[in-house]
Amino acid sequence: MLGSYREVMWPRLVANKILRKSVGSNNFVADFPPDTDQKLLEASGLLDERPSFSSKSILLEQHKTTHLNYKVFVSTWNVGGIVPDDGLDMDDLLETHKTPCDIYVLGFQEVVPLRASNVLGPDNNKVSAKWNSLIRETLNKGVAEPQRDKDVSESKGTNSISQDFRCIISKQMVGIFITVWVRGDLWPYIRHPSVSCVGCGIMGCLGNKGSVSVRFQLHETTFCFVCCHLASGGRDRDERQRNSDVNEILARSSFPRGSSLDLPKKILEHDRVIFLGDLNYRISLPEEKTRLLVKSKEWNILLENDQLSMEILNGQIFRGWQEGIVMFAPTYKYIPNSDLYYGCITYQKDEKKRAPAWCDRIIWYGSGLKQHEYARGETKISDHRPVKAIFTAEVTVIRRGKKIRNLFFSDRFEDTIDVDAKDYSWMST
């Protein structure tokens, strides 16, 4: 009986994978469901009860636009199907010894092995949950709960928000996994979180290759992070398939426009856009020459023949994209748990030769982002090394206020208040 049930369910699962649409959705994991925006604002004290005014006064809307800079940490890591141990040290990757960032975006590839049961079957979310648990523990190590004055927290609500990091979006498609964390006091200002999954793998639609894109709005600025795993292959012209994957991701990724139809629908319509992942671009040089140049750390010569660098320079598929200066060794392909590149020791005759390459990259599109760090981590459990970057992101903030005009006095007696203020006690005097 069980066997016949599986026979019925397996084709259904495969069909669901093939017909999976790339439209944006709220089907993701988070510490707060996407419909709790109002509750968060109320909890933070940002939606206090509005004061009442006599019929002798009127309120006039006032808006003041300012800009804030937030630190954004971004990383990508192909973990090669390795399930992390409970004691895996994430400090090297997350740089917790430095001043914390405001937003952390971590992308992973191959969080599960890319075998048929994982590609065609249901997603194994236990592995992504374990990664999230490790990230939570590392980011919040040593973060103290804010001191809460009972009278203040109950009357104002402003001290009721913990300063620890919380997950606002977490989404997995087969082996591609992205998770976004923000500082506690930013929660109330995050709106419209959404995800869009695009499969570019087997049959051009399955999720062994492709992307998981996430978007959200912080204050008045929209962000989109695209976690990718593009087509592999080190042969001549294999980069054409990777270019094709990028075109598919940009064309098929789609997000909800929102009730007011004013939200961006496509990736490049967002204000701040970052691509991260195992992009799989290789170095277009003979293997032996590549190995010799890597050994002598001739990064400039290697980068002149790096496929992604050439694509960005040519401005075809990556027109308008930027990448920071690469000053670290190629991140692929290592013998796991070692500092040795694959192929530097004797290998079997039928094994594929894989020259070192910068497969793992972080690039960005448009303005409003300034990169301060671009480096690699040294955790060795995988055949890839992780790559990380730190950005400053400019965010637009609209301060909404009210001008009180007394109908019986001249303009010089007008007072202006900020609706973001938490204390309206002056109204009773």
Side-chain angles (χ1 to χ4, degrees), residues 22 24-30 34 70-78 93-94 101-109 111 128 131-132 135 139 165-173 175-183 186 189-198 210-219 221-230 245-246 249-250 252-256 263-279 318 320-324 360-371 373-374 386-395:
S22 58
S25 75
N26 292 327
N27 182 22
F28 55 84
V29 175
Y70 290 98
K71 284 180 67 178
V72 182
F73 174 96
V74 181
S75 72
T76 178
W77 190 11
N78 185 322
L93 177 61
L94 293 172
C101 293
D102 302 299
I103 302 170
Y104 286 82
V105 181
L106 292 90
F108 298 86
Q109 303 81 41
V111 292
S128 56
W131 281 110
N132 271 338
I135 294 165
L139 286 179
F165 286 88
R166 295 297 179 92
C167 179
I168 61 165
I169 309 176
S170 177
K171 181 65 177 179
Q172 178 184 348
M173 179 184 73
I176 304 171
F177 170 55
I178 186 170
T179 180
V180 182
W181 298 71
V182 301
R183 205 180 64 233
L186 290 184
Y189 305 102
I190 300 289
R191 293 176 289 155
H192 311 301
S194 185
V195 300
S196 181
C197 299
V198 173
S211 68
V212 178
S213 302
V214 300
R215 80 97 177 274
F216 59 88
Q217 182 172 326
L218 173 58
H219 290 290
T221 300
T222 56
F223 287 78
C224 185
F225 297 89
V226 186
C227 181
C228 303
H229 194 182
L230 305 184
D245 287 352
V246 173
I249 290 166
L250 294 176
R252 290 164 51 194
S253 297
S254 181
F255 298 94
L263 295 172
K265 181 178 181 180
K266 309 303 290 183
I267 289 173
L268 299 185
E269 294 172 1
H270 291 78
D271 299 315
R272 312 286 178 257
V273 181
I274 296 180
F275 236 64
L276 56 132
D278 180 0
L279 306 188
F318 288 107
W321 291 84
Q322 303 175 64
E323 184 180 26
D360 311 279
R361 311 289 274 271
I362 299 170
I363 60 177
W364 72 95
Y365 178 82
S367 59
L369 290 166
K370 182 179 180 181
Q371 192 180 78
E373 178 183 330
Y374 195 27
V387 169
K388 52 192 173 182
I390 293 178
F391 296 87
T392 295
E394 184 181 81
V395 172

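Computed from a predicted model, the values in this text were never measured in an experiment.
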Does any part of the side chain of [Y], heavy atoms only, come nearer than 4.5 Å to the side chain of [X], both counted from C-beta?
{"X": "Phe165", "Y": "Ile135", "result": "no"}
{"X": "Ser253", "Y": "Val198", "result": "yes"}
{"X": "Tyr189", "Y": "Phe216", "result": "no"}
{"X": "Val180", "Y": "Ile103", "result": "yes"}
{"X": "Val212", "Y": "Phe28", "result": "no"}
{"X": "Ile390", "Y": "Cys101", "result": "yes"}
{"X": "Phe391", "Y": "Gln371", "result": "yes"}
{"X": "Phe223", "Y": "Val395", "result": "yes"}

Nearest-0.5 Å distance that lies between atom [atom1] in [X] and atom [atom2] in [Y]:
{"X": "Ser194", "Y": "Gln217", "atom1": "OG", "atom2": "CD", "value": "12.5 Å"}
{"X": "Asn132", "Y": "Gln172", "atom1": "CG", "atom2": "CD", "value": "10.0 Å"}
{"X": "Ile176", "Y": "Ser128", "atom1": "CD1", "atom2": "OG", "value": "13.0 Å"}
{"X": "Leu279", "Y": "Gln109", "atom1": "CG", "atom2": "CD", "value": "8.0 Å"}
{"X": "Cys228", "Y": "Asp278", "atom1": "SG", "atom2": "CG", "value": "10.0 Å"}
{"X": "His192", "Y": "Ile190", "atom1": "NE2", "atom2": "CD1", "value": "11.0 Å"}

Whether [X] side chain and [Y] backbone form a donor-acceptor pair below 3.5 Å:
{"X": "Arg272", "Y": "Glu394", "value": "yes"}
{"X": "Lys388", "Y": "Leu94", "value": "no"}
{"X": "Thr179", "Y": "Leu106", "value": "no"}
{"X": "Gln322", "Y": "Gly324", "value": "no"}
{"X": "Arg166", "Y": "Trp181", "value": "no"}

With sequence neighbours excluded, tell me which residues meet side-chain hydrogen bond (donor to acceptor under 3.5 Å, both in side chains) with [X].
{"X": "Ser213", "value": "none"}
{"X": "Thr221", "value": "none"}
{"X": "Ser75", "value": "none"}

Given Leu263, Ile267, Ile169, the one that forms side chain to side chain contact (heavy atoms under 4.5 Å, CB included) with Arg215: Leu263

Residue of the set Leu369, Ile363, Val105, Val226 for which side chain to side chain contact (heavy atoms under 4.5 Å, CB included) holds with Ile274: Leu369

Passing candidate, ring-ring contact (aromatic ring centres under 6.0 Å, His included) with Phe275, options Trp364, Tyr365, Trp321: Trp321

Lys266 atom NZ: more than 12 heavy-atom contacts under 6.0 Å: yes

Other residues, nucleotides, ligands: >12 heavy atoms within 6.0 Å of Lys71 NZ: yes

Check: Trp131 ring centre within less than 6.0 Å of Phe177 ring centre: no

Parallel, tilted or perpendicular: rings of Tyr70 and His219 (30°, 60°): parallel

